[in-house]
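Every chain is numbered from 1, with letters handed out A, B, ... down the list of sequences.
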Amino acid sequence: MANYYDIDDILVEEEFVPLVFHKAVNGVKVDESIEKSYIAQGSKLELPFWLAHELHLRQAVSISAPACFNQKTRLEIQADAACVDLRSRCLYFYKFGCKLAPLCDKTIGFLLAYAFGLRYKEVLHKAHTVAFTAASKFLSRLTKEETNLYEAAQSSMMSFKKWRMGGPRLHRAAILGRKRKVDE
Amino acid sequence: MYARKGYELVKDFASGEKGQLQHFNEELFNQVVDQCTQHYTELEALIRKMQEESVDVRETRNADHYGALIHHLSLIRNKRCLMAYVYNRAEIIRNLAWNVGLELLELPEEIQEKFSDSEKTYFGKHSAALQSYMADLDIDLNVDMVPPKDPYIKVRVLHDMGEGILLSDKTANLARHSMHFLKRTDAEQYIARGLMEELTG
């Protein structure tokens, strides 16, 4: 596994997907509130992606597209991709989509490419123009991947400005966190 | 829920600011380990049940097999979460050694508190390895990569650092708000720790 230690990768795989069991399963309690520890054949459940994926490989379940890739979202993205609040639907919309596409619905791929193409332009544009105070409303719509791009664009602009204006080379190590006000 | 604790642990790590250390979450960490044990006992119970029913554990694909499989996968998932947590913290700790200081006591106290015991040992050993490597090469590797235009820089002291601090070419009285003209290599470590700032122009 290439990104075994990747924090984001672990978080993506915790997203829930709806699935149908083709096999009965014993000794497993999916919900703490339910007494019986048995899953009957044909029952419909929502499980995290990492588990669903492994079970899918063994042909024990079939996966269907989760709510964040439903028809409603698709229509909204077609209407105006840049204005859709993807963050509330799925924090890792693109990564999750990439992992999911080969398992249940190949058309997710086109959806992702289309949405990203339009939204990327918007993100890049806003990163250079929007004032910090006005950005929070816009930032709350972005997925984690888009937020990373936004921050990258801003930090590259800052480095450019610093290079042009000059300034002290040595700084407090960023790893120590933000500078606290020196107590007087 | 299956392997839920591991996810909570990783989430706890991700909620902090990027690249900065948080307190080692001993409690949650132990809960994940407990959950692993729980999954393991249930896995064992299912396998034993299959053996008692004298079915072939390797070949049969019955309800018990899939139950055991889910417990097995949950174990692996929790393991991955634990490993990722420790690994990513170790990376930050190595960065601290490179960027701030090679001695544990040189680090600010609020950072030291965040280490677990084994992380303190790790930090010490990593620093020792770095130091011996740098001694072999006879070169200081954790200084600024860009060659300076002037070996001396002007600095202002931000914290009271005491009198008679030994620098490479003199001893200085580094009182707060005082300004000094120091050798860049001497000043670098203090600037990195936020005790001084560089003045330009």
Side-chain angles (χ1 to χ4, degrees), chain A residues 1 3-11 13-16 21-32 37-41 46-55 57-61 91 144 147-148 151 165-180 182-184, chain B residues 1-4 6-7 10-11 13-14 17 19-21 42-43 45-46 49 61-71 73-74 77 80-81 83-85 87-88 91-92 95-96 99-100 107-108 110-111 144 146 148 153 155 158-159 176 184 187-188 191-194 197-201:
Chain A
M1 230 184 292
N3 30 19
Y4 184 77
Y5 297 111
D6 188 19
I7 294 287
D8 282 332
D9 198 63
I10 292 178
L11 296 179
E13 295 196 347
E14 193 70 23
E15 293 288 338
F16 280 70
F21 273 86
H22 297 320
K23 303 277 191 316
V25 179
N26 207 356
V28 168
K29 219 185 275 178
V30 178
D31 201 334
E32 296 298 332
S37 54
Y38 183 76
I39 301 170
Q41 195 175 348
E46 289 213 341
L47 286 179
F49 177 81
W50 56 267
L51 188 53
H53 180 54
E54 291 290 335
L55 292 174
L57 288 179
R58 293 166 175 82
Q59 275 122 36
V61 296
L91 187 55
K144 182 85 183 190
T147 317
N148 287 344
E151 279 163 8
M165 314 291 277
R169 234 203 97 67
L170 302 173
H171 287 285
R172 187 167 186 267
I175 202 164
L176 293 176
R178 273 202 214 98
K179 209 176 214 163
R180 287 159 308 131
V182 180
D183 31 4
E184 291 299 325
Chain B
M1 203 27 149
Y2 289 88
R4 197 68 185 167
Y7 168 70
V10 174
K11 188 99 187 162
F13 178 85
E17 243 177 282
Q20 280 165 31
L21 206 61
E42 290 190 44
L43 169 73
L46 282 166
K49 186 171 164 240
R61 297 282 175 269
N62 60 7
D64 291 330
H65 167 81
Y66 285 104
L69 177 69
I70 289 181
H71 284 299
L73 292 172
S74 306
R77 169 76 178 179
R80 184 180 175 197
C81 293
M83 297 288 275
Y85 187 71
Y87 178 88
N88 283 287
E91 197 176 332
I92 300 179
N95 282 338
L96 279 170
N99 296 333
V100 183
L107 300 180
E110 67 268 20
I111 299 266
D144 191 12
V146 178
I153 58 170
V155 296
L158 297 173
H159 285 266
R176 191 153 147 208
R184 194 176 145 109
E188 251 173 51
I191 295 174
R193 271 186 268 155
E197 65 179 352
E198 186 186 354
L199 299 173
T200 47

Any chance you could measure [X], atom [atom1], to [Y], atom [atom2], to the nearest 0.5 Å?
{"X": "B/H65", "Y": "A/R58", "atom1": "NE2", "atom2": "CZ", "answer": "7.0 Å"}
{"X": "A/Y4", "Y": "B/Y87", "atom1": "OH", "atom2": "OH", "answer": "12.0 Å"}
{"X": "A/L11", "Y": "B/Y7", "atom1": "CG", "atom2": "OH", "answer": "6.0 Å"}
{"X": "A/L55", "Y": "B/L69", "atom1": "CG", "atom2": "CG", "answer": "6.0 Å"}

Please report the closest heavy-atom contact between B/N88 and A/Y5, naming both atoms and the distance.
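Of all heavy-atom pairs spanning B/N88 and A/Y5, the closest is ND2-O, 2.9 Å.
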Salt bridge check, A/E13 against B/R80: does any charged N sit closer than 4.0 Å to a carboxylate O?
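Looking at A/E13 together with B/R80, the answer is yes, because their closest N to O distance falls below 4.0 Å.
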Min side-chain heavy-atom separation A/E54-B/I70 under 4.5 Å
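No, side chains not in contact.
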Does a side-chain heavy-atom distance below 4.5 Å link A/N26 with B/K49?
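Counting from C-beta outward, A/N26 and B/K49 do come under 4.5 Å.
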Hey, which of B/S74, B/G6, B/A187 has the most heavy atom pairs under 4.5 Å with chain A?
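When all of B/S74, B/G6, B/A187 are compared, B/S74 has the most.
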Which portion of [X] sits near chain A, non-hydrogen atoms under 4.5 angstrom:
{"X": "B/H71", "answer": "side chain"}
{"X": "B/I153", "answer": "side chain"}
{"X": "B/L46", "answer": "side chain"}

